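Just below is one structure, and these are the notes that go with it.
Small disclaimer: the values here were computed from a predicted structure and weren't measured. As a basis for the values below, the full set of heavy atoms in this structure was taken, side chains included, without hydrogen atoms, waters or symmetry mates. Every chain is numbered from 1, with letters handed out A, B, ... down the list of sequences.
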Amino acid sequence: MTFPDVAPCGRRTALKAIAGGVATLSLFEASMLLPAYAADAKDWPADAFKQKSEADALKLLYGKSAEPSDKVDLDAPEIAENGAVVPIAVTSTLPNVTGIALLVLENPYTLAAAYKIPQGTQPAVASRLKMAKTTKVVAVIESDGKLFTASKDVKVTVGGCGG
Amino acid sequence: MLRKLLLLGVLAFGAAHPARAADTVDPKAEFTAFRAYFTSRFPKVALDDFVNGPYSMDEGLRKQWKEIEEFPPYEFAVDKGKELFAKPFANGKTYADCFPDKGIGIRQNYPYFDPKSGQVITLELALNQCREANGEKPLDYQKDDMAALTAYMAFTSRGKRFDIKIPDDPRALAAYRKGEEYFYTRRGQLNFSCASCHVQSAGNHIRTEVLAPALGIMAAMPIYRSEWGSMGTTSRRLTSCNSQVRAVPLPPQDELYRDVEYFLTYMGNGLPVSGPGARP
Amino acid sequence: MRCALPISLMVFVAAAGLTMSALAAPADDFKAAYAAAERASKQAAALKTQWTTTVATLKAAQAAATAGKYDEAIALAKQAQALAEASIAQAEDQATAWKAGVIR
Amino acid sequence: MASTIRVRAVAGAETTEVQSLIQHPMDSGFVKDANGQLIPPHHIEVVQFEHDGKTVFTALWGPAVSKDPYLKFSFKGAKKGDELKVSWVDNKGASDSLIAKIQ
């Protein structure tokens with residue numbers, strides 16, 4: 001099930017897309033169809049960000065489960081310099097990427113960030129995340145409607161001396 | 001716990017010297033020895049790279065640092081510092097009127113010894129002296145505006161070589177010596193000196209962090225530490241180091257802090273300004 | 001068990017001692033212990049060698065006293081004094097010992 | 001008040017690389033302040049990048065994104081001099097936006 005092309009974003013194509021069975025799409029995916037002119041809080045999948053497990057977060061976010069793939073490249077440090085600012089970068093050679101998500105499994109809420117990748121945008125993103133403790137970090141790529149993951153372990157401890 | 005402390009208390013009571021042995025103070029000779037210590041101990045580290053502290057010592061940390069430096073969080077502090085630096089005081093004057101070259105590209109000359117006051121003047125002290133001379137209240141030495149101002153002034157001096165002067169004036173030599181003494185004196189319940197970490201253990205890990213070598217350690221000031229989540233000045237770094245070894249810090253810009261900054265920055269002469277710096 | 005006797009003797013004396021001091025108001029004992037600790041702490045501060053743990057223990061001693069827990073308060077005051085004295089010893093030792101570490 | 005958004009967008013042959021840094025505390029709600037009180041969650045939820053009236057990137061952030069959050073991505077179809085609109089909204093309804101020129 002590939003996403004209806006949002007651009008050019010004429011009323012007719014948008015309406016046809018919505019008529020085309022929005023019921024099967026989760027709220028998150030449906031909201032991708034509507035053009036938004038500024039960041040809109042309604043786009044934010046609050047429930048997905050409250051989940052404690054990877055599977056639950058992905059179920060709410062994409063409505064499906066994921067499988068590992070070597071076509072997803074996750075760059076994360078082996079030992080985090082500081083758990084408050086951990087540089088993370090993910091890229092993929094998979095086709096038609098429409099979404100990327102980053103999960104930090106040992107954080108109180110596993111989903112750290114999700115990104116919508118419209119047509120014409122490269123399947124790669126870099127960011128800086130917070131990690132509560134030593135954890136597995138999972139990158140999820142949504143390609144042709146299916147989810148593929150790569151993961152890395154990041155050691156996180158308190159920095160510095162005494163106190 | 002008490003027993004350990006009593007043991008510490010029974011340290012050999014060094015007989016107080018009736019009169020301090022008049023040891024001569026030779027900054028130049030000590031400069032050469034100081035530099036030789038670090039360059040021979042870390043032969044693979046390029047001299048100029050010492051200003052990057054832990055990142056000249058550990059590949060994994062360096063990679064993360066490089067990524068953060070692409071668009072570092074201290075950008076906001078530099079922009080705010082630039083804005084504050086240009087904002088006139090109530091009397092219409094600005095910081096530019098207090099500093100040589102209008103305050104641009106001069107960080108490499110601080111701290112300097114001021115013969116008139118007989119004091120070591122650090123950049124932070126000079127900024128507050130400028131404010132007070134123009135009828136403004138002094139700033140908190142450790143964070144916020146002072147950190148933003150010194151970040152901007154360091155940014156405008158990036159790459160310039162440190163050029164700290166110790167004039168042939170007994171008061172200047174005394175300040176250098178007191179700074180050196182502070183640097184090597186063990187303090188706090190953990191009984192560490194600056195040298196315990198930044199000389200003997202330079203390059204070693206302490207939890208996730210790597211101890212920066214003392215050579216060039218002042219070059220990146222002020223620093224934005226991920227730990228603080230904000231910009232901090234040399235004063236903030238020195239006082240927090242004291243607390244970490246459980247020594248009660250002196251007031252920021254206390255004479256001893258300014259002397260140790262004078263001593264340490266002098267030891268980094270010739271190295272490039274790398275502030276403001278991002279640190280763990 | 002020859003050595004047992006002296007120990008039991010000591011225990012007896014200590015118990016007598018305790019009953020004796022129980023008569024003197026514990027608050028006065030605390031004041032004396034706290035004053036001694038404070039004197040040592042002030043001296044440490046003057047030598048710029050004060051430890052953060054001395055300050056914290058003094059505060060804890062004061063808090064325990066205000067809460068009426070005098071035994072604990074006295075113990076904490078004594079510990080604060082020990083910390084202060086250890087920091088003074090450290091400063092006196094370091095007044096000369098620092099030179100050993102200088103890179104020459 | 002200076003904008004909370006810093007953007008560097010550079011048009012390459014194929015794609016335009018965009019880096020952004022936004023000034024925001026990104027409080028997670030799990031951190032205590034000096035006197036032991038929990039600092040309530042206060043973080044950006046949605047960041048939107050638009051070029052030529054079309055959304056080219058949307059970020060959905062939770063409390064685990066670092067303070068003064070950074071983002072890098074790239075997209076096709078823009079050239080030097082074009083405008084790139086950036087906007088964000090946080091969980092308290094605060095927001096900011098900026099129109100940057102692609103270099």
Side-chain angles (χ1 to χ4, degrees), chain B residues 1-17 20-21 23 26 29-38 41 177-178 180-196 199-200 214-215 242-251 254-256 263 267, chain C residues 14 29-30 32-34 36-62 64 69-104:
Chain B
M1 180 44 192
L2 184 57
R3 206 170 37 71
K4 190 159 69 84
L5 288 167
L6 291 183
L7 194 65
L8 200 63
V10 179
L11 275 174
F13 278 74
H17 281 274
R20 177 172 297 284
D23 16 54
D26 186 349
E30 288 179 348
F31 174 90
T32 313
F34 194 89
R35 184 145 302 188
Y37 173 87
F38 286 102
R41 185 163 160 205
R177 188 63 164 170
K178 279 204 293 263
E180 181 175 50
E181 177 171 356
Y182 188 92
F183 181 76
Y184 287 105
T185 298
R186 286 179 178 280
R187 57 178 49 81
Q189 188 177 7
L190 298 190
N191 198 29
F192 287 132
S193 66
C194 313
S196 314
V199 175
Q200 282 98 11
L215 177 59
N242 283 160
S243 315
Q244 281 172 351
V245 297
R246 297 186 184 171
V248 170
L250 302 167
D254 180 276
E255 186 174 351
L256 280 180
F263 162 77
M267 286 300 173
Chain C
D29 297 347
F30 166 70
Y34 190 82
E38 212 172 21
R39 252 192 323 283
S41 165
K42 282 203 171 59
Q43 197 193 341
L47 288 168
K48 298 192 177 186
T49 184
Q50 185 84 283
W51 293 352
T52 51
T53 34
T54 309
V55 174
T57 311
L58 267 176
K59 208 185 290 171
Q62 189 61 54
K69 301 189 203 123
Y70 286 111
D71 295 347
E72 188 189 333
I74 291 166
L76 285 168
K78 284 198 165 61
Q79 190 184 340
Q81 183 176 352
L83 287 167
E85 281 162 359
S87 67
I88 293 164
Q90 178 189 50
E92 283 166 354
D93 166 62
Q94 285 297 303
T96 51
W98 71 273
K99 291 188 187 125
V102 175
I103 300 173
R104 295 232 177 286

Problem set entry | Parallel, tilted or perpendicular, as decided by the 30° and 60° cut-offs, for the rings of C:F30 and C:Y70 | tilted
For this session: Report yes or no: do C:T53 and B:Q189 form a side-chain donor-acceptor pair below 3.5 Å?
Result: yes
Problem set entry | Side-chain (B:Y182) to main-chain (B:C194) donor-acceptor, under 3.5 angstrom | no
Seminar exercise, completed: Max heavy-atom pairs within cutoff under 4.5 Å with chain C, candidates B:S193, B:A195, B:A33, goes to B:A33
Problem set entry | chain B contact via C:V55 - which portion, at a heavy-atom distance below 4.5 Å | side chain
Exercise. Within the side chain of B:R186, is there an N or O that forms a donor-acceptor pair under 3.5 Å with the backbone of C:D93?
Worked result: no
Exercise. Heavy-atom distance under 4.5 Å to chain C: side chain of B:D254, backbone, both or neither?
Worked result: side chain
